[in-house]
J.: 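Dropping a structure here in structure tokens format, bear with me for questions.
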Amino acid sequence: LGHELRVPPQTIRAGMSNIAQYTSNTPGPVYSTNLSVLLATDKWRLNLWTTDPFTQTHATLLGRWDESALVQAIREGRFALIILDINLDNPTDAAGNLSPGLQAAIRAAYHLDQRNVLNLYKPNTAR
């Protein structure tokens, strides 16, 4: 727990501050695998899909959670922003942290807009 409970280094704090500001200034719902961003920006009120993406991913793989509504929302570009802890360009990062269905939907409908301490994806077309 030392890593989880430590005060983050200044570079991470600055990066998270930038992401929070960017997220706050982006109108519309946001999907994030980092719940703290949604809480800090009050975006969780617009549509909270998960509080534990790792468990959600494994529940999906074990057939205990149906992710089809979330996959469809992503494919339709309903999120103004998707924020991921992982890099979708790195298959090792994505394995086990985001279901194959979510990975495919994000790759199909979103593009990497910003790589900071987290990865920010925007819809391919303006809605």
Side-chain angles (χ1 to χ4, degrees):
L1 288 177
H3 177 76
E4 295 295 324
L5 299 176
R6 79 189 185 332
V7 173
Q10 175 55 32
T11 54
I12 292 176
R13 290 195 314 265
M16 291 302 286
S17 178
N18 290 338
I19 289 169
Q21 183 177 17
Y22 187 84
T23 302
S24 291
N25 291 331
T26 301
V30 174
Y31 176 78
S32 178
T33 56
N34 186 306
L35 187 59
S36 64
V37 173
L38 299 179
L39 293 172
T41 60
D42 218 25
K43 291 287 188 172
W44 66 273
R45 294 178 189 270
L46 295 177
N47 207 347
L48 182 62
W49 287 83
T50 186
T51 58
D52 186 353
F54 182 82
T55 300
Q56 175 183 308
T57 295
H58 290 83
T60 297
L61 297 175
L62 294 170
R64 295 184 176 168
W65 188 68
D66 179 6
E67 70 177 11
S68 61
L70 176 57
V71 168
Q72 186 64 29
I74 291 170
R75 287 198 182 280
E76 292 173 0
R78 284 195 246 155
F79 298 102
L81 194 60
I82 293 179
I83 303 171
L84 303 176
D85 295 270
I86 61 166
N87 175 356
L88 282 180
D89 296 332
N90 182 347
T92 306
D93 267 6
N97 290 307
L98 203 61
S99 76
L102 289 177
Q103 291 178 49
I106 295 168
R107 284 188 180 110
Y110 287 76
H111 64 275
L112 181 66
D113 182 59
Q114 184 181 138
R115 191 177 312 280
N116 199 316
V117 293
L118 300 173
N119 300 286
L120 286 69
Y121 295 82
K122 293 197 96 166
N124 287 336
T125 57
R127 301 266 180 230

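Position 1 is the first residue of the sequence, and the numbers go up from there. Any value given below was found using the heavy atoms of this structure, including those in side chains, with hydrogens, waters and symmetry copies removed.
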J.: With a 4.5 Å cut-off on side-chain heavy atoms, are I74 and Y121 touching?
T.: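 They are not in contact (no side-chain heavy atoms under 4.5 Å apart), so the answer is no.
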
J.: Please report the closest heavy-atom contact between S24 and T41, naming both atoms and the distance.
T.: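 The pair with the smallest heavy-atom distance is OG-CG2, 3.4 Å.
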
J.: Might you point out which heavy atoms bring P123 and G77 nearest each other, and give the distance in Å?
T.: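 Heavy atoms of P123 and G77 come nearest at CG-O, 4.3 Å.
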
J.: What is the distance from atom CG of L88 to atom CG of L112, rounded to the nearest 0.5 Å?
T.: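 It comes to 8.5 Å.
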
J.: Please report the interatomic distance CG(L35) to CD1(I83), rounded to the nearest 0.5 Å.
T.: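 Those atoms lie 11.0 Å apart.
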
J.: Of all residues at least two apart in sequence or in a different chain, which pass the salt bridge (charged side-chain N to carboxylate O under 4.0 Å, His left out) check with D85?
T.: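 Partners of D85 under the salt bridge (charged side-chain N to carboxylate O under 4.0 Å, His left out) test: none.
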
J.: Are L81 and S32 packed together at the side-chain level, in the sense that at least one heavy-atom pair is separated by less than 4.5 angstrom?
T.: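 L81 vs S32: side chains apart.
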
J.: Does some side-chain heavy atom of I82 sit less than 4.5 Å from a side-chain heavy atom of L120?
T.: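 Not touching, per the 4.5 Å side-chain cut-off.
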
J.: Which distance, rounded to the nearest 0.5 Å, do you find between the NZ of K122 and the OG1 of T26?
T.: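 Going from NZ on K122 over to OG1 on T26, the span is 5.0 Å.
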
J.: Crowded around Q21 CD? As in, over 12 foreign heavy atoms under 6.0 Å?
T.: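 Counting neighbours around CD of Q21, 12 or fewer heavy atoms of other residues, nucleotides or ligands fall under 6.0 Å, so no.
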
J.: Heavy atoms, side chains only, cut-off 4.5 Å: are R78 and Q72 in contact?
T.: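 Of all side-chain heavy-atom pairs linking Q72 with R78, at least one is under 4.5 Å.
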
J.: If you round to the nearest 0.5 Å, how far is CZ of R75 from OH of Y110?
T.: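 Y110 atom OH to R75 atom CZ measures 11.5 Å (nearest 0.5 Å).
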
J.: Quick check: do L102 and Y31 have side-chain heavy atoms less than 4.5 Å from each other?
T.: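 When only atoms from C-beta onward are counted, Y31 and L102 do touch, with a gap below 4.5 Å.
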
J.: Any donor and acceptor pair, going by atom type alone, linking the side chain of N124 with main-chain N or O of H111 inside 3.5 Å?
T.: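 At least one qualifying donor-acceptor pair exists.
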
J.: Can a side-chain donor-acceptor contact be found between N116 and Y22 if the only test is distance below 3.5 angstrom?
T.: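 N116 and Y22 do not have a side-chain donor-acceptor pair below 3.5 Å.
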
J.: Are more than 12 heavy atoms, taken from residues, nucleotides or ligands other than R115, located less than 6.0 Å from that residue's CZ atom?
T.: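 Yes - once you tally the heavy atoms of other residues, nucleotides and ligands closer than 6.0 Å, there are more than 12.
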
J.: Would you check, one step at a time, whether the test side-chain contact (heavy atoms from CB on, under 4.5 Å) holds for I106 with L84?
T.: CA-CA 10 Å; I106 295 168; L84 303 176; 4.1 Å; yes

J.: Going by side-chain contact (heavy atoms from CB on, under 4.5 Å), T33 matches just one of I86, L38, L98, L118. Which one?
T.: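 Testing each of I86, L38, L98, L118 against T33, the sole residue satisfying side-chain contact (heavy atoms from CB on, under 4.5 Å) is L98.
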
J.: Under the side-chain contact (heavy atoms from CB on, under 4.5 Å) rule, collect the residues that match up with V117, sequence neighbours excluded.
T.: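 Once residues adjacent in sequence are excluded, the partners of V117 under the side-chain contact (heavy atoms from CB on, under 4.5 Å) criterion are I12, M16, I19.
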
J.: I need the minimum non-hydrogen distance between P27 and A80, along with the two atoms involved.
T.: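 For P27 versus A80, the nearest heavy atoms are O-CB, 3.1 Å.
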
